[in-house]
Amino acid sequence: MSIELDFIKQLTTTKAVKDEAKVINKKHIKETYNSLIDSAFLFGKSRPEIEKLNDKIKLKFSYICLIKILEDYSDDYEVEKEDLRDKANQILQSAENYKEVLREKNKSKCSYINPYQNLLLGNSATQIEIVRGYCRQLEVISKMFDVQLTKMIMDPREIIETFSTYLLQNQSYEMLANSISKRKIDEEILINFATNRSDLYSKVGINGISYMPEENNNIYKMVNRFNDVIMFQKVGTLGYEKFKGKNTYRDNYTLQHYRIKKQYQSMEEFKHNNEVPEKEFSIFTDLNLAELTSNQDFTALHADILFSDLNLTEAERYNGGYVGEIIKNNNGKFDVYHYQDKLCACIEYKKRSK
């Protein structure tokens with residue numbers, strides 16, 4: 001982990017100027033910066049490269065902020081230390097705020113913004129690729145600050161934009177470095193459809209709901225792209241009458257109730273006493289079991305998309321457990337489709353079962 005140092009405070013606390021001292025000058029700040037940037041403790045071989053790059057950027061930004069504030073003063077002119085720190089921290093806060101502006105700018109450029117794009121990486125990059133990509137971005141930011149330090153007059157807007165870019169990239173890296181949040185992001189990118197379909201629900205049109213438990217308790221297995229084992233078992237069938245009038249019909253076959261159990265083999269760091277983390281879901285869908293157990297591509301679509309954590313969780317929360325169905329479209333490709341009557345039947349069944 002990176003050593004979380006307050007470099008603004010570090011740069012304004014020197015051997016010559018103790019922390020309890022009330023004033024400081026530009027000369028002391030420059031001397032402290034030169035000693036810190038060459039510090040074997042901070043930037044020696046003992047620390048990982050990614051930590052050193054992060055701290056070097058924070059140190060350079062803090063130093064630039066202080067020097068920018070004091071650019072109209074001579075090296076020996078003394079200023080109130082607390083006032084100087086407050087002004088430097090205000091610049092830091094401006095950079096934090098501008099990070100959100102940058103995020104909105106990115107959204108206007110792309111249809112879907114994700115952390116991979118912020119780091120100029122392809123979707124679902126590996127951890128090694130993520131670290132390397134992040135380090136490349138850190139090196140670019142560091143060089144940009146080096147250029148600022150050579151200027152007679154530093155551009156405050158450019159300083160803030162550069163550090164805001166770093167903050168956005170750092171946030172993106174932290175998200176992708178965490179296996180749970182990375183998994184969520186990968187699923188969102190892969191799914192690419194609205195999982196919450198509660199807007200399709202209508203109180204009218206679904207009648208005569210009945211439930212028939214399943215006697216055949218065969219358990220089927222599949223493995224998703226994360227190497228997690230997914231077991232699913234049919235436990236019942238939901239029957240309902242659709243829309244009163246001439247088109248009324250009884251449907252006891254195409255809305256199947258399944259118990260899904262996922263074993264998270266991919267989450268090694270979360271294993272407890274060598275036990276694999278598990279989670280169960282109760283969902284409704286229509287599965288073509290014959291094709292599901294014989295067609296690898298069809299199976300992968302179910303494992304990675306239909307039975308993704310995101311889709312299963314959202315289905316239970318908003319859709320009465322209805323996860324949708326994978327249907328082949330006119331172009332021969334597969335889409336996830338949510339039938340309105342089935343979603344309404346599932347929500348009505350859930351409401352009446354409480």
Item to check | Residues Glu314, Arg317; criterion salt bridge (charged side-chain N to carboxylate O under 4.0 Å, His left out); working and verdict | outcome: CA-CA 5 Å; Glu314 294 286 283; Arg317 184 179 300 170; 3.5 Å; yes
Next on the checklist: Between Ser39 (side chain only) and Phe41 (backbone N and O only), is there a donor and an acceptor less than 3.5 Å apart?
Outcome noted: yes
Output a table of donor-acceptor pairs, distance under 3.5 Å, between side-chain atoms of residues 135-145 and any protein atom two or more places apart or on a different chain; print 'none' if there are none.
residue	atom	partner	partner atom	Å
Gln137	OE1	Gln169	NE2	3.2
Ser142	OG	Lys60	NZ	2.7

Next on the checklist: Go through it in stages, so that I can follow the logic: the residues are Asn319 and Tyr201, the test is side-chain hydrogen bond (donor to acceptor under 3.5 Å, both in side chains), and I'd like the CA-CA distance, side-chain angles, deciding distance and then a yes or no.
Outcome noted: CA-CA 8 Å; Asn319 307 337; Tyr201 172 66; over 6 Å; no
Next on the checklist: Here's one to test your reading of the geometry: is the NZ or CZ of Lys58 within 45 degrees of the ring axis of Phe61 and under 6.0 Å from its centre?
Outcome noted: no
Checklist entry - Short question: side chain of Asn34, backbone of Lys30 - any donor-acceptor pair under 3.5 Å? => result yes
Item to check | Test item: Gln127 side-chain N/O and Leu176 main-chain N/O as donor-acceptor pair under 3.5 Å | outcome: yes
Checklist entry - By salt bridge (Lys or Arg N to Asp or Glu O under 4.0 Å), which residues pair with Glu71, not counting sequence neighbours? => result Lys68
Item to check | Short side-chain to backbone donor-acceptor contact, Asn196 and Ser198, under 3.5 Å | outcome: yes
Checklist entry - If you draw the axis of the six-membered ring of Tyr73, does the NZ or CZ of Lys26 fall within 45° of it and under 6.0 Å from the ring centre? => result no
Checklist entry - Are Phe7 and Tyr63 close enough that their ring centres sit under 6.0 Å apart? => result no
Next on the checklist: Can you confirm whether the side chains of Asn118 and Tyr173 place a donor and an acceptor under 3.5 Å from each other?
Outcome noted: no
Checklist entry - Is Tyr166 reachable from Met175 through a run of I, L, V, M, F, W or Y residues, each pair having side-chain heavy atoms under 4.5 Å apart? => result yes
Checklist entry - How would you list, by chain and number, every residue that makes a side-chain contact (heavy atoms from CB on, under 4.5 Å) with Arg259, sequence neighbours excluded? => result Gln233, Val235, Glu280
Item to check | For Leu301, all residues meeting side-chain contact (heavy atoms from CB on, under 4.5 Å), sequence neighbours excluded | outcome: Ile305, Ile326, Phe334
Item to check | Which residues share a side-chain contact (heavy atoms from CB on, under 4.5 Å) with Ile260, sequence neighbours left out | outcome: Ile230, Phe232, Tyr258, Lys262, Phe281, Ile283, Phe307, Leu312
Checklist entry - If you measure only the distance, is there a donor-acceptor pair under 3.5 Å linking the side chains of Asp286 and Gln256? => result yes
Checklist entry - Is there a donor-acceptor pair closer than 3.5 Å between any side-chain N or O of Lys234 and the backbone N or O of Glu214? => result no
Checklist entry - With sequence neighbours excluded, what pairs up with Cys346 under the side-chain contact (heavy atoms from CB on, under 4.5 Å) test? => result Leu238, Leu255, Phe284, Tyr322
Item to check | Chi angles and distances behind the side-chain contact (heavy atoms from CB on, under 4.5 Å) call for Glu158, Gln148 | outcome: CA-CA 9 Å; Glu158 191 173 339; Gln148 282 290 332; 3.0 Å; yes
Checklist entry - Would you say the side-chain atoms of Tyr264 and Asn224 include a donor-acceptor pair closer than 3.5 Å? => result no
Next on the checklist: I'd like to know whether Arg352 forms a salt bridge (charged side-chain N to carboxylate O under 4.0 Å, His left out) with Glu348, so could you lay out the CA-CA distance, the side-chain angles of the two residues, the decisive distance to 0.1 Å, and finally the verdict.
Outcome noted: CA-CA 6 Å; Arg352 298 178 192 185; Glu348 281 296 314; 3.2 Å; yes
